[in-house]
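In what follows, residues are counted from 1 in the order of the sequence shown.
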Amino acid sequence: MAITKSIFLALAVLSMTLPVSAHHDGAIHHKHHEGQQPLQDHHNTHDKSGTPMQEVKRVAIIGAGSAGSSAAYYLRRFHTNTTNVPPVNITIYERNAYIGGRSTTVNPHGNPGYPIELGASIFVSVNENLVNAAKEFGLTVSSTSNVRPKTVRDSLGVFNGEEMVFVQSYDEGKMGKWWSLAKLLYQYGPFAPIRAQRLTGETVGKFLNMYREPIFPFSSLSEAAESVGLLEATGATGEQFLVAKGVGDGKFVTELMQSSTRVNYGQNLGLIHGLETMVCMAAEGAVSVEGGNWQIFEGMVKSSGALVHLNTSVTGITEKSTKDDKRVWTITSQTLGDQQPVVNQEFDTIIIASPYQYLDLTHPPTALHKTPDEIPYARLHVTLFTSRHPLDPTYFNLDPASTVPETVLTTLNATEQLSETFTRGEGANAVGGVGFFSISTLRQISTKEHGEEFVYKVFSPEAFGQDKIRKILGIEGESEEGADVTWVFRHLWHAYPYLYPRVTFEDIQLAEGVYYTSGIESFISTMETSSLMGMNVARLVLDEIVGTRGKVKAKL
């Protein structure tokens, strides 16, 4: 039973994790959080009795998404539990008007009672950092299926542009679950599902070693991946990895597993590497925070006591050496949308918690060992809309009298599956003739103006226009604007990376006192793995500050 449950969860939940959030205009926030120590002079000072005090270490974090928020949070926690360590001040720069990066919500019709995740939608039970933080901050988490309308018979369907190749009904009691398992095994046979489940467990087990000694903290992601035995998975495509591990390349793989890599990363098994393929199948215990997952990261930032500059762009990172031959870094920043002057602030350590290519520095650092390579991010169109109309069964070549599954994932048809143009393609080539990666009926809402209606979400590599919306709803002819489709919100993300096979990853330390978190994006791109790298960098930074003077707890 665990086999079928995990497989269906992996397909049904939309665990898209978007590494980069676009700029949002908004009010200016320069917030001084409770617990932040006042900024002090970098050099040694004396207390009232004349006794020398330890110098304050100044740490800047650029980016307040999962990685940056986690770096601040764990740096404060590690610092609190460390002996004989100087005070640490943390400053966060974030060019958006909000904390959370990839995690942000929008409100249909402007109603805050129905927040909808625009980016990172779920996390799962093995995501230690997010699960523990949600508990610590007293946030309410619930299954992603709790708010689904469940007005149709089937929870999930896989569509290849020609036919619905797989359908999963809502389970009703023990008999329903056994019937679902029987249908799965009858359609795909027992071997591929069982082997896929075992391989998922093995892969997740290896990954979890990265949270613990002797692997954690790791100064090289490449060496850590090799040490836990994951380079075999990252060095091959999902297609190659599954064949090598005995799962095969049959319909279970091309229909069910591939639909999962498409909804999560917009990539087919001939392109995406094997590790991220298995991550897509590890969806046991999928949940989200009621009101938005961004609350986890806001809680982390508040708990860290960091000084936060929102709506602030970092335009320069320059270095200089002090008299005692220590390197000091200067961050040049400016508040967006006003005439505030440029501000220069000196730091001992900088954590770049954003893809380097998006910093857009006028004055980049010149002392880096190596400038990080550009991350090949995919362009993903997310379209949210509301309508009283259900999805049209005839669009999906179903009986007109039937209903469409609540979540429709997609895969390539048999002809496309034979062509590398599609299996190894990107964007429009990756999606194939079906034209979208997924369509989900998220929930029902009720407003005075429009009454009861559904909220839909579409992932596609190209803009999903009004004509396409009307087609999937079966709306023919002309209608008054706003009558059939009452609200639409579109957003283009530079989303997850194209996860090509590779066995080496970006350096974590770019120079003395400069650390980088986004190298993990090409390894695994999720909220949790960004949080892991933020935690890892926090530990490396504190190790550097402490040296041989104290002892840092490995994991809290």
Does one side chain, of Tyr74 or Asn129, offer a donor that lies under 3.5 Å from an acceptor on the other?
yes
Pair Thr82-Leu542, side-chain contact (heavy atoms from CB on, under 4.5 Å): steps then yes or no:
CA-CA 9 Å; Thr82 303; Leu542 200 56; 3.4 Å; yes
Step by step, work out the side-chain contact (heavy atoms from CB on, under 4.5 Å) result for Val431 and Ser460.
CA-CA 8 Å; Val431 78; Ser460 58; over 6 Å; no
How would you list, by chain and number, every residue that makes a side-chain contact (heavy atoms from CB on, under 4.5 Å) with Thr504, sequence neighbours excluded?
Ser222
Excluding sequence neighbours, so at least two apart, what forms ring pair (Phe, Tyr, Trp, His ring centres under 6.0 Å) with Phe523?
Phe505
Hey, is Lys320 close enough to Glu346 for a salt bridge, meaning N to O under 4.0 Å?
yes
Any residue meeting ring pair (Phe, Tyr, Trp, His ring centres under 6.0 Å) with Tyr515, in chain and number order, not counting sequence neighbours:
none
Test of understanding: with salt bridge (charged side-chain N to carboxylate O under 4.0 Å, His left out), list the residues that count as partners of Lys370, not counting sequence neighbours.
Asp373, Glu506
Results of ring pair (Phe, Tyr, Trp, His ring centres under 6.0 Å) for Tyr93 - residues two or more places apart only
His309
When the ring planes of Tyr516 and Tyr356 are compared, do they come out parallel, tilted or perpendicular, using 30° and 60° as the limits?
perpendicular
Would you say that more than 12 heavy atoms from the other residues, nucleotides or ligands in this model lie under 6.0 Å from the CD of Glu426, or not?
yes
Any side-chain heavy atom of Thr140 sitting closer than 4.5 Å to one from Val289?
no
Are Glu128 and Arg212 ion-paired here, with the side-chain N under 4.0 Å from a carboxylate O?
yes
Do Glu453 and Thr486 pass the side-chain contact (heavy atoms from CB on, under 4.5 Å) test, and can you show the C-alpha distance, the side-chain angles, and the key distance before you say yes or no?
CA-CA 9 Å; Glu453 55 185 356; Thr486 59; 2.7 Å; yes
With no hydrogens and no angle check, do the side chains of Ser66 and Ser531 hold a donor and an acceptor under 3.5 Å apart?
no
Check whether the side chains of Asn268 and Arg262 place a donor and an acceptor atom closer than 3.5 Å, and report yes or no.
yes
Value for OH (Tyr114) from NE2 (His109), rounded to nearest 0.5 Å, stands at 10.0 Å
Modelled atom types, side-chain donor and acceptor of Glu512 and His369, under 3.5 Å
no
Please name all residues satisfying salt bridge (charged side-chain N to carboxylate O under 4.0 Å, His left out) with Glu290, sequence neighbours left out, ordered by chain then number.
none
Mind checking what makes side-chain hydrogen bond (donor to acceptor under 3.5 Å, both in side chains) contact with Asn127, not counting sequence neighbours?
none
Using the side-chain contact (heavy atoms from CB on, under 4.5 Å) rule, take Ile61 and Thr91 through it: C-alpha gap first, then chi angles, then the decisive distance, then the call.
CA-CA 6 Å; Ile61 300 174; Thr91 302; over 6 Å; no
Go through the steps for Thr366 and Glu319 under the test side chain to side chain donor-acceptor pair (under 3.5 Å), then give the verdict.
CA-CA 8 Å; Thr366 59; Glu319 66 278 354; 2.7 Å; yes
Can you name the one residue among Arg327, Arg58, Glu544 that meets side chain to side chain contact (heavy atoms under 4.5 Å, CB included) with Thr349?
Glu544
Output all residues satisfying ring pair (Phe, Tyr, Trp, His ring centres under 6.0 Å) with Phe385, sequence neighbours left out; order by chain, then residue number.
Tyr456
Once the angle between the rings of Phe216 and Phe78 is folded into 0 to 90°, is it parallel (under 30°), tilted (30 to 60°) or perpendicular (over 60°)?
tilted
Taking atom types as modelled and ignoring hydrogens, do the side chains of Asn344 and Thr332 form a donor-acceptor contact shorter than 3.5 angstrom?
yes
In plain terms, say whether Lys57 and Asp348 are close enough for a salt bridge, that is, a side-chain N and a carboxylate O under 4.0 Å apart.
no
By side-chain contact (heavy atoms from CB on, under 4.5 Å) - contacts of Val287 (at least two apart):
Phe123, Val141
Glu136: which residues meet the side-chain hydrogen bond (donor to acceptor under 3.5 Å, both in side chains) condition with it, sequence neighbours left out?
Tyr73
All side-chain hydrogen bond (donor to acceptor under 3.5 Å, both in side chains) counterparts of Glu462, not counting sequence neighbours:
none
Qualifying residues under side-chain hydrogen bond (donor to acceptor under 3.5 Å, both in side chains), relative to Asn107, sequence neighbours excluded
none
Between the side chains of Glu276 and Thr261, is a donor N or O closer than 3.5 angstrom to an acceptor N or O?
no
